[in-house]
Amino acid sequence: MPELPEVEVVRRGLERWVAGRTIETVEVLHPRAVRRHVGGGADFAERLRGETFAVPQRRGKYLWLPLAGRDLSVLGHLGMSGQLLVQPEDAPDEKHLRIRVRFTGSGGSAAEAAGTELRFVDQRTFGGLSLHENTADGLPDVIAHIARDPLDPLFDEVSYHLALRARRTTVKRALLDQSLISGVGNIYADEALWRARLHYERPTAHLTRPRSAELLGHVRDVMNAALAVGGTSFDSLYVNVNGESGYFDRSLDAYGREDEPCRRCGTPMRRRPWMNRSSYFCPRCQRPPRVAS
DNA sequence: CTTCGATCCTGGTAGC
DNA sequence: TGCTACCAGGATCGAA
């Protein structure tokens with residue numbers, strides 16, 4: 001499942017392979033992949049013809065490709081299974097290929113990019129691409145409500161702490177709320193909570209300033225660690241992104257470790273159904289709040 | 001306004 | 001073997 005680090009790896013890959021290239025044609029092979037584009041697939045393709053991609057940007061799990069000289073961007077979200085691939089034009093279509101972008105012969109910074117195209121591949125179709133006007137900040141207008149992410153230099157820690165204190169919710173819900181902090185998904189939420197020794201149902205209203213600062217620090221650490229591992233995979237003709245990078249195989253302390261020993265205290269880790277998904281935690285290191293209901 | 005649960009989707013797998 | 005049920009989960013939307 002792509003979260004912030006995986007999306008950043010994709011953004012870097014796009015910067016290398018796609019920035020500066022001019023679109024010749026766009027082919028939409030599945031309508032769900034453009035469902036956020038108001039005009040539909042034909043309009044999406046038509047409006048992109050002849051445009052040139054500028055340097056890709058990212059906030060949280062969203063990434064976008066601004067169109068050079070225009071106040072428009074192609075916004076992308078990978079959902080659960082989305083991939084953006086740079087492939088040779090003659091490579092066979094992927095089974096779940098949803099959108100193809102062909103480029104003109106010139107432009108782009110990487111000479112090796114010649115003869116390649118951009119493909120959006122997505123098995124579960126939760127992701128997609130769409131074209132939007134930018135706000136004054138250069139952000140696609142439909143993601144104006146997405147908070148800055150923890151790796152953004154302008155992320156405001158004090159405001160974040162105050163927002164947590166004001167909420168009547170639990171800490172994991174707050175971590176996944178993209179309007180408070182963006183880029184955190186189920187996996188990194190469980191990892192950061194384990195590192196912070198916080199149970200996922202702890203109320204945010206009770207978090208002290210040092211405690212929320214510590215939690216935020218762990219969120220940043222776990223993301224930076226993932227980025228350090230995944231950050232090497234984009235240096236090829238394959239702009240990759242799926243949740244099974246090396247990081248996921250080796251470095252998770254909480255997510256997916258039901259019944260395995262806690263790496264701190266050896267107690268078997270537990271999994272609990274939570275919000276139509278799962279929460280993994282150590283019952284000894286991460287004690288549940290006293291009461292609740 | 002805030003909070004919370006249902007919903008979208010497909011492929012792999014567990015269970016019968 | 002073949003079928004069904006369930007699980008993964010980010011973002012959105014509507015209900016309370």
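Residue numbering restarts at 1 for every chain, and letters A, B, ... go by the order of the sequence lines.
A/Arg202 meets the salt bridge (charged side-chain N to carboxylate O under 4.0 Å, His left out) test with no other residue; sequence neighbours excluded. The side-chain hydrogen bond (donor to acceptor under 3.5 Å, both in side chains) check on A/Glu8 picks up A/Arg11, A/Arg12, A/Arg58, with sequence neighbours excluded. For the salt bridge (charged side-chain N to carboxylate O under 4.0 Å, His left out) test, residues two or more places apart in sequence or in another chain that qualify with A/Glu258 are A/Arg271. Under the side chain to side chain contact (heavy atoms under 4.5 Å, CB included) criterion, A/His77 pairs with A/Lys61, A/Tyr62, sequence neighbours left out. The side chain to side chain contact (heavy atoms under 4.5 Å, CB included) search around A/Glu214 returns A/Arg211, A/His218, not counting sequence neighbours. Here A/Asp141 pairs with nothing under the salt bridge (charged side-chain N to carboxylate O under 4.0 Å, His left out) rule; sequence neighbours left out. For the side chain to side chain contact (heavy atoms under 4.5 Å, CB included) test, residues two or more places apart in sequence or in another chain that qualify with A/Thr25 are A/Arg102. Taking the side chain to side chain contact (heavy atoms under 4.5 Å, CB included) definition, one finds that A/Arg220 meets it with A/Pro150, A/Leu151, A/Phe155, A/Glu157, A/Leu216, A/Asn224, sequence neighbours left out.
Residues A/Gln123 and A/Met275 each lie close to DNA chain B; by heavy-atom proximity, the contact nearer the 5' end of the strand is made by A/Met275. Between A/Arg36 and A/Phe126, the residue whose closest nucleotide on DNA chain C is further toward the 5' end is A/Phe126. Residue order along DNA chain C, read from the 5' end via each residue's closest nucleotide, puts A/Asn186 first among A/Asn186 and A/His145. Of the two residues contacting DNA chain B, namely A/Asn276 and A/His96, the nearest-nucleotide position lying further toward the 5' end is that of A/Asn276.
Backbone-only contact: A/Arg271 has heavy atoms under 4.0 Å from sugar-phosphate atoms and none from a base. Base contact: A/Arg173 has a heavy atom under 4.0 Å from a base atom. Using a 4.0 Å heavy-atom distance criterion, A/His30 is classed as making no nucleic acid contact. Residue-level contact check: A/Asp122 touches neither bases nor backbone, having no heavy atom under 4.0 Å from any strand.
Each end of the helix from B/dT2-C/dA16 to B/dC16-C/dG2 gets its own rotation axis from five pairs of C1' atoms, and the angle between them is 50° to the nearest 10 degrees.
Listed by first and then second residue, the ring pair (Phe, Tyr, Trp, His ring centres under 6.0 Å) pairs that reach into residues 118-139 of chain A come to none, sequence neighbours excluded.
The footprint of chain A on DNA chain B, defined by a heavy-atom cutoff below 4.0 Å, extends from B/dT3 to B/dG11. Chain A approaches DNA chain C within less than 4.0 angstrom (heavy atoms of the protein), and the contacting nucleotides run 5' to 3' from C/dA8 to C/dT12.
Cation-pi geometry between A/Arg264 and A/Trp194 is met: the NZ or CZ atom falls under 6.0 Å from the ring centre, inside 45° of the normal.
No option in A/Val171, A/Thr170, A/Thr169 other than A/Thr169 meets the side-chain contact (heavy atoms from CB on, under 4.5 Å) test with A/Arg167.
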